[in-house]
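Structure, as structure tokens:
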Amino acid sequence: MIDPKKIEQLARQVHDSMPKGIREFGDDVEKKIRQTLQSQLTRLDLVNREEFDVQTQVLLRTREKLAALEARIAELESRGAEVPKAETPKEVLKTEDMQ
């Protein structure tokens with residue numbers, strides 16, 4: 001969700017940049033601006049920073065596991081061993097985690 005303080009700040013900036021005659025409408029104009037900003041920002045389907053950071057860490061761990069699996073396959077291939085075949089990628093990851 002968008003930080004309400006940021007919306008308040010944006011609404012205030014838009015309100016302050018309006019000509020004096022329009023600003024005299026006061027609270028109604030500011031409320032309408034705030035509602036419009038909230039509505040438009042909600043449509044953008046943004047994620048907050050915490051969610052983004054969590055997904056970044058998940059991606060990093062996934063890449064590390066993939067690199068380890070690729071290295072293991074390369075090592076087995078260089079030894080001339082046959083690479084065991086798994087039915088699904090999840091099974092490969094489970095096998096890697098057990099060792």
Would E51 and V54 count as a side-chain contact (heavy atoms from CB on, under 4.5 Å) if you check the C-alpha gap in whole Å, the side-chain angles of each, and the deciding distance to 0.1 Å? CA-CA 5 Å; E51 291 176 61; V54 167; 5.7 Å; no

Within 6.0 Å of CD in E50, more than 12 heavy atoms from elsewhere: no

What distance do [X] atom [atom1] and [Y] atom [atom2] have between them, rounded to the nearest 0.5 Å?
| X | Y | atom1 | atom2 | result |
| --- | --- | --- | --- | --- |
| T62 | Q57 | OG1 | CD | 11.0 Å |
| E70 | K65 | CD | NZ | 14.5 Å |
| L66 | L59 | CG | CG | 10.5 Å |

Could you walk me through whether Q38 and T42 pass side-chain contact (heavy atoms from CB on, under 4.5 Å), step by step? CA-CA 6 Å; Q38 182 69 42; T42 301; 3.4 Å; yes

Using the rule that Ile, Leu, Val, Met, Phe, Trp and Tyr join whenever any side-chain heavy atoms are under 4.5 Å apart, tell me whether L37 and L44 fall into a single cluster. yes

Taking it one step at a time, do T56 and L60 satisfy side-chain contact (heavy atoms from CB on, under 4.5 Å)? CA-CA 6 Å; T56 300; L60 180 61; 5.7 Å; no

Short question: side chain of S39, backbone of Q35 - any donor-acceptor pair under 3.5 Å? no

